[in-house]
Undergrad: 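The structure under discussion is supplied below as structure tokens; questions concerning it will follow.
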Amino acid sequence: MSDTRRKLTTIFCADVQDYTRLMGADEEGTLASLKRCREAMGRLIESHGGRVINTWGDGLIADFPSVVEAVRAAVDTQNELAGFNARRPADGRMLFRIGINLGDVIVEGDDIYGDGVNIAARLQASAAAGGIVISSSVYDQVRNKVAVGFDFLGPLMVKNVDEGVPSYAVKIGDAKDEAPPAQRSGYARPQPQPAAVMAADMAEARPAPRGRRLYGMLAVIAAVLIGVNLLSWQGVFWARFPVLALAAVAALAWNRDQTLFNRKITSLAILALGIAGINLFTWTGQFWAVWPILGIAAVMGLRWSMRR
């Protein structure tokens, strides 16, 4: 028999809005989309130090040792899935609802149980499609540590919990409108709050990652420039600068779509590499790029320390 113990952890619950309708319209296509979305979600959960505990139907449950990383994983998940859904018709989008709670749970083998899990599931059920709802215990830990806004939704009543659980909608993006508090009770599903709906709409409107097509096009342009330079050779390799610019464009495009690293810090790293490339391509015996790179490294270090 597996050991039973208790621990304090961050519980992450997610499911798909209108999953039954999607399955009724296209079973095979819905299952393929669900698999793809789950793979992306699982990758982001692991990259933020979390662990997927279980999946069932359209649901997923994970836990995190860090509350901050759990919220970051949820935001990154909704942003990435917004790109996936932007390429799909409005009635075929797979929109996940995510709930996050920090609580004491019972651990038995690889599974977790208890009120902490029930609260996370209830928060998830109250989220808008494409939105995130967190408990007050999560909010207290992340309100000054994650670059998103929050709307207070009021107490959420949960079975077997005497008092309502104060809940907050996470505002993804720059939406500034405030949603009125929502008083909820029982298990009746509340209407999505305006700010949460706005956040979901903003996420869906984001353009999809350009991916391989852009990189392929930039590679072809670079190859053509190098070919023209070599075929018209006059002792100067002038193609090195436009090729460096194309590489910078590709790196910035990759950074816009990636979710593994902090985008602002990665942008600074790309800038530092570009300066180093210019120094090498105009080499006169002095590595002058060391000073701007050192300054950029200092800014990166400060941003990283403040992020943590």
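Everything numeric here is computed off the predicted structure, so don't read it as measured data.
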Undergrad: Would you check if the side chain of S126 reaches a backbone N or O of L123 as a donor-acceptor pair within less than 3.5 Å?
TA: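 Side chain of S126 to backbone of L123, a donor-acceptor pair under 3.5 Å: yes, one is there.
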Undergrad: Is F12 close to H48 at the side-chain level, that is, under 4.5 Å between some pair of heavy atoms?
TA: no
Undergrad: Any side-chain heavy atom of I275 within less than 4.5 Å of one from I296?
TA: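 Yes. Closest side-chain heavy atoms under 4.5 Å.
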Undergrad: In Å, rounded to the nearest 0.5 Å, how long is the span from CG of N279 to CZ of F287?
TA: 5.5 Å
Undergrad: Just by modelled atom types, is the G59 backbone N or O under 3.5 Å from a matching donor or acceptor in the R38 side chain?
TA: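 Yes.
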Undergrad: Given 3.5 Å as the limit, does a donor-acceptor pair link the side chain of T55 with the main chain of I61, or not?
TA: no
Undergrad: Report the distance from atom CG of D111 to atom CD1 of I53, rounding to the nearest 0.5 Å.
TA: 7.5 Å
Undergrad: Applying a strict under-4.5 Å side-chain criterion to I, L, V, M, F, W and Y, I'd like to know whether I98 and M94 cluster together.
TA: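 Same hydrophobic cluster.
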Undergrad: Can L8 be reached from V117 by stepping across I, L, V, M, F, W or Y side chains whose heavy atoms are under 4.5 Å apart?
TA: no
Undergrad: Run the side-chain contact (heavy atoms from CB on, under 4.5 Å) test on L22 and L34 for me, step by step, so that the C-alpha distance in whole Å, both residues' side-chain angles and the decisive distance to 0.1 Å come before the verdict.
TA: CA-CA 10 Å; L22 293 171; L34 178 62; over 6 Å; no
Undergrad: Distance-only, no hydrogens or angles: does the R36 side chain make a donor-acceptor pair with backbone N or O of A32 under 3.5 Å?
TA: no
Undergrad: What's the separation between atom CG in L153 and atom OG in S136, rounded to the nearest 0.5 Å?
TA: 11.5 Å
Undergrad: State, with a plain yes or no, whether a side-chain heavy atom of I100 is found less than 4.5 Å away from one of Y168.
TA: no
Undergrad: With side-chain contact (heavy atoms from CB on, under 4.5 Å) as the criterion, how do I134 and F150 come out once you've worked through the C-alpha distance, each side chain's angles and the decisive distance to 0.1 Å?
TA: CA-CA 9 Å; I134 63 175; F150 303 91; 3.6 Å; yes
Undergrad: Would you say that F96 contacts L81 through its side chain, given a criterion of any heavy-atom pair below 4.5 Å between the two side chains?
TA: yes
Undergrad: Do the side chains of L225 and V228 get nearer than 4.5 Å, heavy atoms only?
TA: no
Undergrad: Answer yes if I270 and I293 sit in the same cluster of Ile, Leu, Val, Met, Phe, Trp and Tyr residues linked by side chain heavy atoms under 4.5 Å apart, and no otherwise.
TA: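 Per the 4.5 Å side-chain linkage, I270 and I293 are not co-clustered.
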Undergrad: Does some side-chain heavy atom of L60 sit less than 4.5 Å from a side-chain heavy atom of I45?
TA: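 Yes, their side chains come closer than 4.5 Å.
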Undergrad: Roughly how far, to the nearest 0.5 Å, is CD of Q17 from CZ of R93?
TA: 13.5 Å
Undergrad: Under the criterion side-chain contact (heavy atoms from CB on, under 4.5 Å), I'd like the reasoning laid out for Q78 against L95: C-alpha separation, chi angles, the key distance, then a yes or no.
TA: CA-CA 8 Å; Q78 296 294 29; L95 301 173; over 6 Å; no
Undergrad: Considering non-hydrogen atoms only, spot the tightest contact between A253 and Y215 and give its length.
TA: C-OH, 3.9 Å
Undergrad: For E80 and A40, work out which heavy atoms get closest and say how close.
TA: OE2-CB, 3.5 Å
Undergrad: Atom CZ of F241 and atom CD1 of I278: how far apart are they, to the nearest 0.5 Å?
TA: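 Taking CZ in F241 and CD1 in I278, the distance rounds to 7.5 Å.
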Undergrad: Taking all heavy atoms of I11 and all of A120, pick out the closest pair and write down the distance.
TA: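 Residues I11 and A120, closest heavy atoms: CG2-CB, 3.7 Å.
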Undergrad: Which pair of heavy atoms, one from A70 and one from T10, lies closest together, and at what distance?
TA: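 Smallest interatomic distance, heavy atoms only, reads CB-CG2, 3.5 Å.
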Undergrad: Going only through I, L, V, M, F, W and Y residues with side-chain contacts under 4.5 Å, is there a path from L294 to V299?
TA: no
Undergrad: Can you check whether V71 reaches Y139 side chain to side chain, under 4.5 Å on heavy atoms?
TA: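 The answer is no; the side chains never approach within 4.5 Å.
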Undergrad: So, D58 side chain and Y19 main chain: donor-acceptor pair closer than 3.5 Å or not?
TA: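 No, D58 side chain to Y19 backbone: no donor-acceptor pair under 3.5 Å.
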Undergrad: Between R240 and L244, does a side-chain contact (heavy atoms from CB on, under 4.5 Å) hold up when you go through it step by step?
TA: CA-CA 6 Å; R240 63 190 185 277; L244 179 62; over 6 Å; no
Undergrad: Where do A14 and M41 come nearest, in terms of heavy atoms and distance?
TA: CB-SD, 4.1 Å
Undergrad: Under a 3.5 Å distance rule, please check whether S167 uses its side chain to pair with a backbone N or O of S135 as donor and acceptor.
TA: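 No.
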Undergrad: Are side-chain heavy atoms of K7 and D63 found at a separation under 4.5 Å?
TA: yes
Undergrad: How close do F64 and A62 get, heavy atom to heavy atom, and via which atoms?
TA: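 F64 and A62 have their closest heavy atoms at CE1-CB, 4.4 Å.
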Undergrad: In Å, rounded to the nearest 0.5 Å, how long is the span from CD of Q141 to OG of S66?
TA: 9.0 Å
Undergrad: Closer than 3.5 angstrom, by distance alone: can the side chain of N101 be matched with the main-chain N or O of I119 as a donor-acceptor pair?
TA: no
Undergrad: Out of curiosity, does W283 fall in the hydrophobic cluster containing W291 (side-chain heavy atoms, cut-off under 4.5 Å, transitive links)?
TA: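 As far as the 4.5 Å side-chain criterion goes, W283 and W291 are connected within one cluster.
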